[in-house]
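The chain is numbered in sequence order, starting from 1. Quick caveat: nothing in here was measured; it's all calculated off a predicted structure.
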Amino acid sequence: EEAKMSRKSKRSLKEKFALKNSLVKEALSEFLGTFILIVLGCGCVGQAVLSRGAHGGPMTVSVGFAMAVTIAVYVSGGVSGGHINPAVSLAMCMTGRLKWTKLPIYILAQLLGAFVGAASVFGIYYDAFMEYSNGTLEVTGPNATAHIFATYPAPYLSLINGFADQVMSTAVLLLAIFAIFDTRNNSVPKGLEPIAVGLLIIVLTCSLGMNSGCAMNPARDLGPRLFTAIAGWGMEVFT
């Protein structure tokens, strides 16, 4: 009986550890996915801006960012579902596909991944940043570089219009993601879903990106914005 008990407690310990372990794996997966998204996505913007258009422009940013999403979903999809976006994680919780207890962990991992991704882009292009604006990191004006990392509203955009813009684009994003991953729908061949998501991002950036840069992702925007606030652009990035 005692041996049975100790075996049982050993097993329950193992189960507890395995459960925690899987959550760690999922968090790490979301971290890595969002990290890749920002390194490749904001990398596209950085290359276009810092080369003053010689090595990229609206098209390379649109297609490049979309492919960044595709690769990020490939990196993290099998482990955590590859949400790389708090809005997606929240929608998954609301539809019963993700436990609510996991939501804060996923969001934190996504934010951290985006933050570290932004730091990496800054590190890789550090010399280019310094050369571009003679060592000053500006949020507005002809030598602005903050918009490489986070999205900023067009000068004409009102708060209400900006809010509507983000609600609409995020709603379309989520609707389409649910359709792409719905096996009972006209389903995408297994393993090609991230490519379909990439195509979705291309059309969203081409159609609904003008007002406020098509963030549709709180982690993708807030993580890098926090980085810019700390790294020398200052609190102006929040205005």
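- Without hydrogens or angle criteria, T205 side chain to I202 main chain gives a donor-acceptor distance under 3.5 Å.
- A chain of hydrophobic side-chain contacts below 4.5 Å, direct or via other Ile, Leu, Val, Met, Phe, Trp or Tyr residues, connects L222 to L103.
- Counting only distance, with no hydrogens or angles, the side chain of S29 and the backbone of K25 share no donor-acceptor pair below 3.5 Å.
- Checked against the 6.0 Å centroid criterion, the rings of W233 and F122 qualify as a close aromatic pair.
- Proximity of I230 to F115: side-chain heavy atoms (C-beta onward) are separated by under 4.5 Å at one or more points.
- In plain terms, the two heavy atoms of S120 and F35 that are nearest each other are OG-CE1, 3.3 Å.
- At least one side-chain heavy atom of R225 sits less than 4.5 Å from a side-chain heavy atom of T151.
- In this structure, the separation between CG on L192 and CG on L199 is 10.5 Å, given to the nearest 0.5 Å.
- Atom CD of Q110 and atom OG of S89 lie 4.0 Å apart (nearest 0.5 Å).
- Between the side chain of N85 and the backbone N or O of M216, at least one donor-acceptor pair lies under 3.5 Å.
- Nearest approach of V121 to F129, heavy atoms of both residues: O-CE1, 4.3 Å.
- Within the 4.5 Å cutoff, side-chain heavy atoms of V237 are placed close to those of Y152.
- In terms of hydrophobic clustering, with Ile, Leu, Val, Met, Phe, Trp and Tyr side chains grouped at heavy-atom distances under 4.5 Å, I195 and V63 are assigned to different clusters.
- The nearest pair of heavy atoms linking I84 to A72 is CD1-CB, 3.8 Å.
- To the nearest 0.5 Å, the span separating CG on L28 from CD1 on I105 amounts to 13.0 Å.
- The line from OG1 of T70 to CD1 of I36 is 13.0 Å long, rounded to the nearest 0.5 Å.
- For the pair R220 and F149, the cation does not sit on the ring face, since its NZ or CZ is not both under 6.0 Å from the ring centre and inside 45° of the axis.
- At most 12 heavy atoms of other shown residues, nucleotides or ligands fall within 6.0 angstrom of atom OH in Y126.
- Between V139 and A144 the shortest heavy-atom distance is O-CB, 3.3 Å.
- In this structure, the side chains of L37 and N217 come closer than 4.5 Å at one or more pairs of heavy atoms.
- The environment of CZ in F163 is sparse: at most 12 heavy-atom neighbours from other residues, nucleotides or ligands sit within 6.0 Å.
- In this structure, a donor-acceptor pair under 3.5 Å is absent between the side chains of E138 and T145.
- Taking every heavy atom of both residues into account, I107 and P86 meet most closely at CG1-CB, 3.8 Å.
- Clustering ILVMFWY residues whenever any of their side-chain heavy atoms sit less than 4.5 angstrom apart, transitively, puts L159 in a cluster other than the one holding M168.
- Side-chain atoms of Y156 and N161 include no donor-acceptor pair closer than 3.5 Å.
- Both F178 and V73 are members of a single hydrophobic cluster when ILVMFWY side chains are connected at heavy-atom separations under 4.5 Å.
- Listed for the E26 side chain is no donor-acceptor partner under 3.5 Å among the backbone atoms of V24.
- At least one side-chain heavy atom of P224 sits under 4.5 Å from a side-chain heavy atom of I38.
- Residue L208 holds its CG atom at 9.5 Å from CD of Q166, rounded to the nearest 0.5 Å.
- A 4.5 Å side-chain heavy-atom check between Y106 and S80 finds at least one atom pair inside the cut-off.
- Surrounding CG of N185 are more than 12 heavy atoms belonging to other residues, nucleotides or ligands, all under 6.0 Å away.
- Hydrophobic cluster membership is shared by V88 and F181, with clusters built from Ile, Leu, Val, Met, Phe, Trp and Tyr side chains linked at under 4.5 angstrom.
- Taking NE2 of H83 as the start and CG of L90 as the end, the distance is 11.0 Å to the nearest 0.5 Å.
- Around atom CD1 of I124, no more than 12 heavy atoms belonging to other residues, nucleotides or ligands sit under 6.0 Å away.
- Side chains of P58 and V61 form no contact here, defined as non-hydrogen atoms less than 4.5 Å apart.
- Relative to the six-membered ring of Y132, R52 meets both conditions, a distance below 6.0 Å and an angle of at most 45° to the axis.
- Residues L32 and S76 have side chains not in contact (no heavy-atom distance under 4.5 Å, counting atoms from C-beta outward).
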